[in-house]
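To find a chain, count down the sequence lines: A is the first, B the second, and so on, and within it residues start at 1. Being a predicted model, the structure only gives us computed values, none of them experimental. When reading the values below, keep in mind they use all heavy atoms of this one structure, side chains included, and skip hydrogens, waters and symmetry mates.
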Protein chains: 2
Amino acid sequence: MPKPVTLKAVAARVGVTPAAASMALKGSPRISEATREAVELAAKELGYVPNAAGRNLRNRHAGAIALVVPNSSVHVFSHQYFMHVLSGMTIPAAAHDAQVIVSTNAETASGDMAYERIIRSQAADGIISTSSSIDDEYIHSLVGTGLPVVLLGNYPDLPDAVTIWIDDTAASRQITEHLIADHGCQRLLHVAGSLDHQTGIDRRQGFLDAAASAGIETADVIEGDMNEESGAAAMRTAIVDGALPYDGIVFANDDMAVGALPVLRDAGIRIPEDVRITGFDDFGVARLTTPDITTIRVPAQEIAGIAAETLFDLIANGRHDNSSQRLPVSTTYRHSCGCTPDNA
Amino acid sequence: MPKPVTLKAVAARVGVTPAAASMALKGSPRISEATREAVELAAKELGYVPNAAGRNLRNRHAGAIALVVPNSSVHVFSHQYFMHVLSGMTIPAAAHDAQVIVSTNAETASGDMAYERIIRSQAADGIISTSSSIDDEYIHSLVGTGLPVVLLGNYPDLPDAVTIWIDDTAASRQITEHLIADHGCQRLLHVAGSLDHQTGIDRRQGFLDAAASAGIETADVIEGDMNEESGAAAMRTAIVDGALPYDGIVFANDDMAVGALPVLRDAGIRIPEDVRITGFDDFGVARLTTPDITTIRVPAQEIAGIAAETLFDLIANGRHDNSSQRLPVSTTYRHSCGCTPDNA
DNA sequence: CTGAAAGCGCTTACAG
DNA sequence: CTGAAAGCGCTTACAG
């Protein structure tokens with residue numbers, strides 16, 4: 001453990017005060033060109049990096065933002081998703097010279113929530129979080145504290161929260177319409193995500209809207225939980241006497257579609273000949289299965305990047321006019337719906 | 001943004017000095033029972049949480065540890081892996097009242113490495129990192145700085161580094177022997193991970209050792225990169241004229257085995273009837289495919305947990321006797337090798 | 001224009 | 001035994 005180099009050490013080497021060295025390092029006009037260069041050289045030679053605690057204490061900020069992962073969402077959102085979010089936060093964080101802290105929203109030994117400690121202790125200047133189940137108090141209490149918070153996702157109950165989101169309902173509607181309008185599907189099934197999560201609700205709603213406005217008679221829903229296994233289970237439920245009474249299935253995410261694949265295959269049901277299927281997310285798997293899966297690309301990394309930028313804005317400018325953003329989504333057409341993409 | 005509650009505010013409410021309040025809160029015997037209770041009550045009422053910067057500056061530590069993700073390993077280790085590592089670090093970190101910082105090892109604008117800034121700025125007290133490619137200077141320079149560092153994995157070139165690892169060579173040897181001894185495989189293929197990563201090298205070595213000591217004549221190796229796609233590619237290479245000249249395939253990880261599945265299936269090659277296959281990792285997918293995949297369970301979360309504990313030791317006690325640990329691994333027998341597990 | 005004090009919040013070593 | 005100063009490293013507002 002090399003002993004840390006302080007500003008004082010840098011200043012001493014040059015023969016100025018720490019205050020002068022500090023100003024020199026940030027290019028203050030009141031420091032002469034010559035001493036500025038001398039200080040910079042000394043700092044470089046000594047490997048000076050400002051002490052975070054000293055700087056944070058003085059500047060009254062943490063130089064860090066936190067990603068708080070709701071316990072209840074660990075099993076609903078994929079590891080892929082969180083890694084995309086994390087990496088999306090990285091570049092804006094680096095640009096603001098801030099660290100990224102990861103925390104769950106567990107209760108601490110002291111009985112308060114981890115995110116509260118993080119903020120109250122000023123270990124982070126703001127928080128990015130994702131939806132938990134809709135009846136979880138967590139998000140409400142998080143937003144209720146008035147701290148700088150940016151949420152990822154759609155929060156109809158929190159109109160004042162700053163949220164970066166995609167229109168799950170519209171996207172789900174769009175991909176369902178593709179099945180109906182472009183492929184002539186008439187007997188539809190939706191394998192939903194947990195319906196106590198907004199994402200599950202919205203994607204189901206889009207499916208139902210599309211079916212209703214096209215006058216589709218068969219538009220069933222089986223509730224899953226976004227995990228691969230539940231996609232498989234849904235298929236076992238849906239297959240009656242070895243046959244599937246649907247010609248199109250809209251899965252609420254790719255993982256469930258992937259889980260469905262072997263079950264359909266084992267039942268001798270071909271994709272897309274016997275049933276056309278679509279997924280949602282496009283975090284990686286959908287591209288790699290056979291057939292590859294037509295899906296909605298959720299730009300998780302971009303969402304998180306914009307969320308981080310927005311959070312830094314919020315932190316810098318205080319509570320300001322709601323700057324929620326809804327990002328466009330696009331469908332990626334692959335073979336599972338019966339399309340024959342160019343690049344295939 | 002509620003204005004933070006300081007110790008001074010707590011002290012003022014009780015009518016003692018901040019110093020006394022500080023001692024009261026940590027149960028110093030020199031504070032009377034009565035005032036201790038009064039201070040605790042006031043702290044609770046005001047929602048006092050110690051300011052991290054103030055405490056860190058005074059205590060000369062960061063109250064945080066960092067997971068540094070080498071750029072070069074993002075594509076070799078899975079998102080699953082990193083999320084397991086992150087969650088493994090969570091509990092020890094909370095127990096030590098420390099934050100978990102996530103960083104890549106990118107270069108900063110100032111030209112030094114991110115991990116150096118983190119340590120030199122004392123934003124983290126120590127680092128946990130995973131292997132990058134073996135010719136990457138990164139790990140060497142990280143360890144060379146003498147900072148508290150715990151590495152995840154096997155580092156034959158760094159005998160003095162503190163590492164928490166599993167014996168990839170032994171595990172790979174063991175699962176290969178299972179194919180040979182228990183299932184009578186004679187014509188073996190290993191689909192390796194990148195051979196510029198130690199993990200790839202060790203898992204290949206275990207395979208070769210097992211084959212050699214059993215006197216197996218066919219023990220081929222195709223190099224992949226741990227991604228699903230490269231498993232599929234390896235199968236396309238291995239299948240000659242529609243047939244596979246192997247009766248057993250040892251994949252260096254589950255993802256590549258998963259990628260191989262559809263290619264084998266499309267070629268009409270049955271598992272395990274025509275070829276027995278095994279994976280490595282057991283982070284989730286291997287359990288869910290059809291057939292499910294016999295694999296080595298890598299306890300990534302436990303590894304990271306122990307790494308974090310070890311790191312806190314290292315931080316507290318300074319550089320001390322190497323406390324590297326090698327964890328045992330276990331094979332999970334499923335259907336892809338021809339076993340018929342009880343729970344299936 | 002520039003030198004050097006003051007103070008962010010905390011905790012411990014010191015003085016009484 | 002206890003009160004209150006000193007100081008961690010930094011930066012800006014102030015005094016000269």
For the pair made of CZ in Arg55(B) and C1' in dT12(C), what is the distance, rounded to whole Å?
14 Å
May I ask you to say what Pro50(B) touches in the nucleic acid, namely base, sugar-phosphate or nothing, with a heavy-atom cut-off under 4.0 Å?
sugar-phosphate
Atom pair distance, as rounded to whole Å: CG in Asn56(A) and P in dC10(D)
11 Å
Atom CG of Asp97(A) to atom C1' of dT11(D): distance rounded to whole Å?
16 Å
Pairwise P distance, dG7(D) and dG16(C) [rounded to whole Å]
15 Å
Is it true that a side-chain atom of Asp125(B) and a backbone atom of Ile65(B) form a donor plus acceptor pair closer than 3.5 Å?
no
Quick check for you: among dC10(C), dC8(D), dT11(D), whose closest atom lies nearest to any side-chain atom of Thr6(B)?
dC10(C)
On DNA chain D, check which nucleotide each of Asn59(B) and Ala20(B) is closest to and give me the residue with the more 5' one.
Ala20(B)
Answer yes or no: is there an ion pair linking Arg36(A) with Glu40(A), defined by an N-O contact shorter than 4.0 Å?
yes
I need the CG-C1' distance between Asn51(A) and dC8(C), as an integer number of Å.
13 Å
Taking Watson-Crick and G-U wobble contacts under 3.5 angstrom, with | marking pairs to another strand and [ ] crossing pairs, the secondary structure of DNA chain C is written |||.||||||||.|||
How close or far is atom P of dT12(C) from atom CG of Leu25(B), stated in whole angstroms?
12 Å
Spacing of Leu7(B) atom CG relative to dG9(C) atom P, expressed in whole Å:
10 Å
With a cut-off of 6.0 Å (strictly less than), are more than 12 heavy atoms of other residues, nucleotides or ligands near CG of Asp97(A)?
no
Rounded to the nearest angstrom, tell me the gap between atom NE2 in His61(A) and atom P in dT12(D).
11 Å
Using a heavy-atom cut-off of under 4.0 Å over every strand shown, decide if Ala53(B) touches base, sugar-phosphate, or nothing.
nothing
State whether the distance check finds a donor on one side and an acceptor on the other, under 3.5 Å, for side chain Arg30(B) versus base dG3(D).
yes
If only atom types and distance count, is the side chain of Thr310(B) paired as donor or acceptor with the main-chain N or O of Ile306(B) below 3.5 Å?
yes
Taken to the nearest 0.5 Å, the spacing of Leu158(A) CG from Gln198(A) CD works out to 10.0 Å
CZ of Arg60(B) versus P of dA6(D): gap in Å, rounded?
18 Å
Consider only side-chain N and O atoms of Ser129(B) and Tyr138(B), and report whether a donor and an acceptor are under 3.5 Å apart.
yes
Taking the six-membered ring for Trp, are Phe77(B) and Phe82(B) parallel (under 30°), tilted (30 to 60°) or perpendicular (over 60°)?
perpendicular
Of the options dG9(C), dT11(D), dT12(C), whose atoms approach the side-chain atoms of Leu57(B) most closely?
dG9(C)
Which is more 5' along DNA chain D, the nucleotide nearest Lys26(A) or the one nearest Ala19(B)? Just name the residue.
Ala19(B)
